[in-house]
Amino acid sequence: MSEQKKKIGRPKTDTKPVMIRMEPEMIDDIDAYRRTLEDIPTRPEAMRRILANFLEEWKKDGS
């Protein structure tokens, strides 16, 4: 059975957009990180993962 890839497209409707500005160096670092991952996620997906990992750790620390 073959793996199904997620389709690129509109995100779930129960989400809200968040617009941020970043220095080019930070964007370059995010892109470099993306390329280290096996599935090479989109930039927004990579940022969601980074934030999810940070928030998980933050909650564990009780901060």
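- Within 6.0 Å of CE in Met26 there are 12 or fewer heavy atoms belonging to other residues, nucleotides or ligands.
- Between the CG atom of Asp61 and the CD atom of Glu57 there is a distance of 6.5 Å, given to the nearest 0.5 Å.
- Heavy-atom minimum distance, Thr42 versus Arg34: C-NE, 3.6 Å.
- Pro41 and Arg49 get closest at one heavy-atom pair: CG-NH1, 3.7 Å.
- Ile30 and Ile20 fall within a single hydrophobic cluster, where Ile, Leu, Val, Met, Phe, Trp and Tyr side chains are chained together by heavy-atom contacts under 4.5 Å.
- The closest side-chain heavy-atom distance from Glu45 to Asp39 is not below 4.5 Å.
- Leu55 and Ile50 are members of different hydrophobic clusters when ILVMFWY side chains are connected at heavy-atom separations under 4.5 Å.
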>> Glu56 vs Lys59, test: salt bridge (charged side-chain N to carboxylate O under 4.0 Å, His left out). Steps then yes/no.
In response: CA-CA 5 Å; Glu56 186 177 311; Lys59 287 177 185 177; over 6 Å; no
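- Put simply, the side chain of Tyr33 does not reach to within 4.5 Å of the side chain of Asp29, judged on heavy atoms.
- Within a 6.0 Å sphere centred on CD of Glu23, heavy atoms belonging to other residues, nucleotides or ligands number 12 at most.
- Here the CE atom belonging to Met22 is positioned 7.5 Å from the CZ atom belonging to Arg43, to the nearest 0.5 angstrom.
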